[in-house]
2 protein chains.
Amino acid sequence: MVERKPTIIDVARAAGASIKTVSRVMNNERYVSAETRERVMKAMVELKFQPNRSAQSLKGDRSYLIAHIYGDPGGPYTGEIQIGLLRHCRSEGYHLLIEEIDYSAADVAERVHNLVHQLSLDGVVLTAPVTDNDEVLRMLSEADIPHVRITPAVERADSASVRIDERAAAADITLHLLAFGHRRIGFIKGLPNHAGTDLRYGGYCDALREYGLEPDEEIVEQGGFTYRSSLAPARRLLTLKNPPTAIFASNDEMAAGVLSVAHDRGLSLPTDLSVVGFDDIQLSEMVWPPLTTVRQPIQDMADAAAELLIAMLAHRRQPDGPKPAPHRVLPHNVVIRRSTAPPSRR
Amino acid sequence: MVERKPTIIDVARAAGASIKTVSRVMNNERYVSAETRERVMKAMVELKFQPNRSAQSLKGDRSYLIAHIYGDPGGPYTGEIQIGLLRHCRSEGYHLLIEEIDYSAADVAERVHNLVHQLSLDGVVLTAPVTDNDEVLRMLSEADIPHVRITPAVERADSASVRIDERAAAADITLHLLAFGHRRIGFIKGLPNHAGTDLRYGGYCDALREYGLEPDEEIVEQGGFTYRSSLAPARRLLTLKNPPTAIFASNDEMAAGVLSVAHDRGLSLPTDLSVVGFDDIQLSEMVWPPLTTVRQPIQDMADAAAELLIAMLAHRRQPDGPKPAPHRVLPHNVVIRRSTAPPSRR
DNA sequence: CAAGGAAATGATAACGTTGTCATATGTATT
DNA sequence: AATACATATGACAACGTTATCATTTCCTTG
């Protein structure tokens, strides 16, 4: 019943070759005659041979293991990242570990280091906000651990990254509101230590200035990127004597919070209030009205990150091959749904 | 810079003991004097020694690797499962791999088998609908692979499981609607090959019968557990000559779809239509009105599954220890939010 | 006090792969 | 024909751990 898994030795025996030759075939090395290669391949197929990853990684070569390291407690964004990563990993024979890490701990860098070495990880993909912890980045660089960051933050020479231009994106969607005629646009910021927070706010300011407006502190609130964190700020904005006619929440979860508060106050949407978010997660079209938002191609970004990382790994094994470009900026676009409309006149 | 990681040999040297003794200390084996144990421990701490997982798993003992295997393309449910799994894995030193698998492929069982052996996985956690694939279950049982299923389906002697009583839960929430006075309650079913689908529908029927009603085919629709899959069914229900006054969607994502269709048709909620879902995912309170639903403690269930699996692994290593109970049924409860109200009279 | 057994420890093989090195063969260059 | 060099192959060590078995020490028991 419990048939032992065939090893490279069984294959060698079946093919009438040495284990080293089998190894050569497996790894597509040079110096194997076409004829021998054929024989070995056939034996592998017949025995349904699959190399043992533990043995491979013990030799220090590779584990086919990649980890997604994130600090976010597991919101919808993280989920979509994983879908994208998985998509690419599978097709390349890599496997994905997920590791939540407390990015505020004193020894984050050491923990990541241990993780990588204990499990002989081939590389890691980081998402914000771990992406912007200096200690972690220095460690990764010094320990020469292949990694890709998915972050809007400024590019670094010593680490690969994938991003969209968040500042421009935030400006674009603000311009959409301005074009509709909104002049009093509230803003809900994200978490302070998050690279996207300032960029999104910056883009919002850029757009306002383009229309000759200055951001008004009174209608800029602080949120925390979660649904709940936007409820109080939204309530404050909507109870102002002179409330905004539109609100730009720094991500879709918070925008959903704004919608709820608005519904609760009996506003009719989008007539009484336009709302926009950022990210275009799955949630965005499940709320009412469906959110106008900036589409950040999250899954594609994750896919690209995985692709980049795997290319880096290949290059590391065969340094004569093409060196992958270390940074990728993907296009974003404004997705107009039904949560935005021209302001109603008073 | 790139200091080599210390191995068991370094520790042995530092402690003035043999590697086998160090191994004994690491694995809490008998026959080590308190004094020696002390010395070894000290050396391990000083050198920041961490055992190499690849070497451990090559010896066939354990890899500290667990996989979550799922067929769902990655909806919110899957995400919450992973949060729960992770919570428990971390605290026990296990790591989590996520593997999406095409559950309709002819060779699912073989793929799972390969996965486990290639990566020397210690065990797997399955979520629906892979949980109810006979071939996979038989293989797991025959190959003696530790596993836990998170599924409402009938319990099997040869595999551990975690679930809630979905039939009772579905009846409970239907009773909530009936108690409000609803007598014409539409239903949207889930995917046919999913164990929960029939149970939830069954519970709905049970409750109706308790009120002396028979399910009416005209207001029972087929969905697919996704937001989009519920749009057409909801539209059909709401355009009937005699539309239902309430709709029970088999999960929250589909309930969100019903809400959207209702909003779109200008209904005011919950006055014109009550809507309930099932699961209580994060989404449930982000839509408007927040969904009345059955709280399935997804994260806790996943946590319990991880706990159970790890207990099974411990028992397997020390068969004299307590044998963990193979099945757990967690409590559910109806969460009443604002998507339900008595029917408005005509 | 001899004998027997438990407790404590270590030398060495084994897990399944890849890397190093040696060797054998073929083929081009002098 | 002698040399050089690329191609093709295999024997064996190595990776870091655990398991087997042997050995030493200590305590108990008649």
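Within the structure, a side-chain polar atom (N or O) of B:Ser18 is placed less than 4.0 Å from OP1 or OP2 of C:dG10. Within the structure, a side-chain polar atom (N or O) of B:Thr36 is placed less than 4.0 Å from OP1 or OP2 of C:dT9. Dashed line: the shortest gap from a side-chain N or O of B:Asn27 to OP1 or OP2 of D:dT18 is under 4.0 Å. Close to C:dA8, at under 4.0 Å from its OP1 or OP2, lies no side-chain N or O of B:Tyr31. The shortest distance between the side-chain N/O atoms of A:Arg30 and the OP1/OP2 oxygens of D:dT7 is below 4.0 Å. One finds no side-chain N or O of B:Thr21 lying less than 4.0 angstrom from the OP1 or OP2 phosphate oxygen of C:dT9. Neither OP1 nor OP2 of D:dG16 sits under 4.0 Å from any side-chain N or O of B:Gln56. In this model, the phosphate group of D:dT18 is approached by a side-chain N or O of B:Ser23 to a distance below 4.0 Å at OP1 or OP2.
D:dA19 atom C1' lies 13 Å from atom CG of B:Leu58, rounded to whole Å. In this structure, the CZ atom of B:Arg62 is 18 Å from the P atom of D:dG16, given to the nearest Å. Remark: P of C:dA7 and CZ of B:Arg37 are 13 Å apart, rounded to the nearest angstrom. Nucleotide D:dT17 holds its C1' atom 15 Å from the CD atom of B:Gln50, rounded to whole Å. Here the C1' atom of nucleotide D:dC26 and the CD atom of B:Glu35 are 14 Å apart, to the nearest Å. A straight line from CG of B:Asn52 to P of D:dA14 spans 18 Å, rounded to a whole angstrom. Taking atom CG on A:Asp10 and atom C1' on C:dC15, their separation rounds to 13 Å, with Å as the unit. Following rounding to the nearest Å, B:Ile9 (CD1) and D:dT17 (P) show an atom-to-atom distance of 8 Å.
Residue B:Ser63 comes nearest to B:Arg53 through the heavy atom pair O-CD, 4.2 Å, listed as atom of the first residue, atom of the second, then distance.
Between A:Lys5 and A:Asp10, no side-chain nitrogen of the basic residue sits less than 4.0 Å from a carboxylate oxygen of the acidic one, so the salt-bridge criterion is not met. Look at B:Asp102 and A:Arg90 and you find no salt bridge, because none of the NZ, NE, NH1 or NH2 atoms lies under 4.0 Å from a carboxylate O.
In this structure, B:Ser54 and B:Glu29 both approach DNA chain D, and ranking their closest nucleotides by distance from the 5' end singles out B:Ser54. Residues A:Ser33 and A:Ile19 each lie close to DNA chain D; by heavy-atom proximity, the contact nearer the 5' end of the strand is made by A:Ser33.
In the interface, the side chain of A:Lys59 is paired with the base of D:dA14 through a donor and an acceptor atom under 3.5 Å apart. Side-chain atoms of A:Lys20 come within donor-acceptor range of the base of C:dG19, with a qualifying N/O pair under 3.5 Å. Counting atom types as modelled, B:Arg53 pairs no side-chain N or O with a base atom of D:dG16 as donor and acceptor under 3.5 Å.
Just one of A:Ile81, A:Thr131, A:Ile150, A:Ile98 meets the side chain to side chain contact (heavy atoms under 4.5 Å, CB included) condition when paired with A:Tyr70; it is A:Ile98.
The side chain of B:Met26 approaches D:dT18 more closely than any other nucleotide in the set C:dT18, C:dT17, D:dT18. Each of C:dT9, D:dG16, C:dT18 was ranked by its minimum atom distance to the side chain of B:Arg24; first place goes to C:dT9.
Listed by chain and residue number, B:Asp134, B:Leu137, B:Arg149, B:Asp158, B:Ser159 satisfy the side chain to side chain contact (heavy atoms under 4.5 Å, CB included) test with B:Arg156 (two or more places apart in sequence, or in another chain).
Formation of a donor-acceptor pair under 3.5 Å by the A:Asn114 side chain with backbone atoms of A:Arg111 is not found in this model.
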